[in-house]
Amino acid sequence: GSIALLSSVIGSSIASANGYSTAVMLLITLAIGIVLGIFSGVVYVLLKLPAMITSLGVTLMYEALAFIYTGGFGVSFTTNTTLTQFAGKTGNMLIVIALSLAFMIVVFNYTKFGFNYYALKDGQKVAVNTGVKEKMNAIGCYAIAGGMMSIVGFINATSTGTIQMSMNFGSITAMFT
């Protein structure tokens, strides 16, 4: 949820301040989400702590960065109808869902990355012994998750035109909405 929060805060702030379209806001938010996901994956790989511990620490850090970025006031662009109309249209939402689903199906079922993911999931030691790059696959998974969560943040932001700040794990609920 913290990736959804931080990426949408930065993406919507940049788009709103510069008069960018919804599509540009989505691309900015997505790029930021992927970078945040990669950073989370690198932290996980380098610290060699359980994923849950790493995620809790990174969540607090991302929430704090969003709070600092907005001065604690959140983001509001309710008067910018260009950015707030996207989520209200069913067709737009169906396109986002279809593209996200297609992306996940292709990446995890028809690429070397997906093959390696399943190999690691089903037999980590054997996969690593046969040359699968476990750490790179983990970072790739974090990048994909970051991208998907940034889309959640984008949808939440464009549906209301506001982003409220969350602290103390308050952003976790974004994963379940």
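Note that the structure is a prediction, hence the values are computed from the model and not measured. The figures here come from the full heavy-atom set of this structure, side chains too, leaving out hydrogens, waters and symmetry mates.
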Among the clusters formed by ILVMFWY side chains lying less than 4.5 Å apart, do [X] and [Y] turn up in the same one?
X      : Y      : answer
Phe115 : Ile139 : no
Val132 : Val45  : no
Tyr110 : Ile144 : no
Ile155 : Val24  : yes
Ile14  : Val9   : yes

Taking C-beta and beyond as the side chain, do [X] and [Y] meet within less than 4.5 Å on heavy atoms?
X      : Y      : answer
Val128 : Leu120 : yes
Ile3   : Ser40  : yes
Phe154 : Ser7   : no

Could you list the donor-acceptor pairs under 3.5 angstrom formed between side-chain atoms of residues 28-37 and any protein atom two or more places apart in sequence or on another chain?
unit_1: Thr29; atom_1: OG1; unit_2: Met25; atom_2: O; d: 2.8

How many angstroms lie between [atom1] in [X] and [atom2] in [Y], if you round to the nearest 0.5 Å?
X      : Y      : atom1 : atom2 : result
Lys133 : Asn116 : NZ    : CG    : 9.5 Å
Met149 : Ser2   : CE    : OG    : 8.0 Å
Leu26  : Ser150 : CG    : OG    : 7.5 Å
Ile163 : Ser12  : CD1   : OG    : 3.5 Å
Lys135 : Asn137 : NZ    : CG    : 13.5 Å

Mind listing the side-chain donor-acceptor pairs of residues 87-109 below 3.5 Å, one per line with the distance, residues two or more places apart or on another chain?
unit_1: Asn92; atom_1: ND2; unit_2: Phe86; atom_2: O; d: 3.0
unit_1: Ser100; atom_1: OG; unit_2: Val96; atom_2: O; d: 2.9
unit_1: Asn109; atom_1: ND2; unit_2: Ile105; atom_2: O; d: 3.3

For this session: Keeping the roles fixed (side chain from Thr130, backbone from Ala127), state whether a donor-acceptor pair exists under 3.5 Å.
Result: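 It does hold such a pair.
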
Problem set entry | Inter- and intrachain pairs under ring-ring contact (aromatic ring centres under 6.0 Å, His included), touching residues 32-77, at least two apart |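 Output for this query lists Tyr44-Tyr142.
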
